Visitor: 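Sharing a structure below in structure tokens format, with a few things to ask.
Both counts, for ligands and for their atoms, begin at 1 and track the order of listing. Source: prediction; values computed, not measured.
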Amino acid sequence: MSALKISQQKEQLTPDQRQRLQDLLAFVNQEASHFLGYPCNRLFDYTPLYPFLSFPMNNVGDPFLPSRYHLNSHEFEREVIAFFAALTHAKPEEIWGYVTNGGTEGNMYGIYLAREIYPEGLVYYSEATHYSVPKILRMVHARNIMIKSTANGEIDYQDLAATLRIHRDVPAIIFANIGTTMTGAVDNLDRIKQALKDNAITHYYIHCDAALGGMILPFVEQPPAFDFNAGIDSLAISGHKMVGSPVPCGIALAKKCHVDRIARAVEYISTFDTTVSGSRNAITPLFLWYAIHCHGVNGFRDIVRGCLKMAAYAVQRFNDCGIPAWRNDNSITVVFPKGPEAVMSQWQIALQGDLGHILIMPHVTEQQVNQLLADIVAATEAAP
Ligand SMILES: Cc1ncc(COP(=O)(O)O)c(C=O)c1O
């Protein structure tokens, strides 16, 4: 399409339609200043990448193979995968991955691979697992059992061991949380592997949902086991969470030998179909690549340390005000008893049962934490 036609297309909007866009922009801009309840970093600037939005870019197919669709960013996607593979201690020659539409797709990919390897396998996951996982299990028809969670959100190791014992004859597919949605709890992979060993279950697959934790634990001192070092089979991270992106995205990593089992040659795109989606976003790998090069490992380490420090500050401030807030080790998720609805809604606080949480993402300031707290205290005091 010529530049002239594009500008004509813009002119086709009525003043009313233009106003609606303006209104939405103003609304989003205003609400962004009260964005504390969800784990999405809003500090990014990808303006140098905007020219790519003028092309129908598409990363269809396997990022590691040539494709007949040339308007892609596969080369950059491969570098992004290499970065996250290194962060999660995957052996370069053994790992494969791609940039997904988000953590959900990465988890689906892991479960899909596991189910292909062990069609009769049983998936074990805790009740603190993200709501999308039971849906994925239904979609891929994977047999599954929900395991209890402990108060802090970890999988209940006793319940897991007891349940494994009943099903010792069936391969186990472990869906481990590396940072649960509500409390940021990390399932202990050593204890999970011990439970498998105690039950003499040698056929097993471990997928780690590291949606948020996958970009926190690599940067803390003495992290718990959470990655390929621990002998896991696949892992998913969200890109729009700690890294930050205006478009949801994520990273799926899996052992190459597992992916080879599901690869199918497709003549139409002249490459292998190894991903969940056909057409895939080619811009999000550029966002991630750009962020990786702007921050580097040291930059991300500083960012994560800043968030953890601010999370400790928030817990302290809540406690000082008599609100029993808490957080798990190495977590930027600050959990507290939910406050008055008007305040929870104003600050976009995610709720579950009696709990609320704030996520201390890089954009969260001390001033915002203090203001939220002041709003909770004021609304609680004003309540009849
Ligand atoms: C632990 C966990 N897993 C998976 C997801 C889903 O990730 P996404 O929203 O990137 O699809 C989330 C989202 O918050 C999450 O917290």
Visitor: Can you name the salt bridge (Lys or Arg N to Asp or Glu O under 4.0 Å) partners of R168, sequence neighbours left out?
Guide: none
Visitor: Please list, chain by chain and in numerical order, all residues satisfying side-chain hydrogen bond (donor to acceptor under 3.5 Å, both in side chains) with D23, sequence neighbours excluded.
Guide: Q19
Visitor: Has the side chain of N59 got a donor or acceptor atom that lies under 3.5 Å from a matching backbone atom of S73?
Guide: yes
Visitor: Can you pull the residues with any heavy atom under 4.0 Å from ligand 1?
Guide: G102, G103, T104, N107, H130, G179, T181, D209, A211, S238, H240, K241
Visitor: Cut-off 3.5 Å, side chains only: do Y157 and T150 have a donor facing an acceptor?
Guide: no
Visitor: Which label fits H207 and F175: parallel for a plane angle under 30°, tilted from 30 to 60°, or perpendicular past 60°?
Guide: tilted
Visitor: Suppose we screen for side-chain hydrogen bond (donor to acceptor under 3.5 Å, both in side chains). Which residues come up paired with H293, at least two apart in sequence or across chains?
Guide: W289
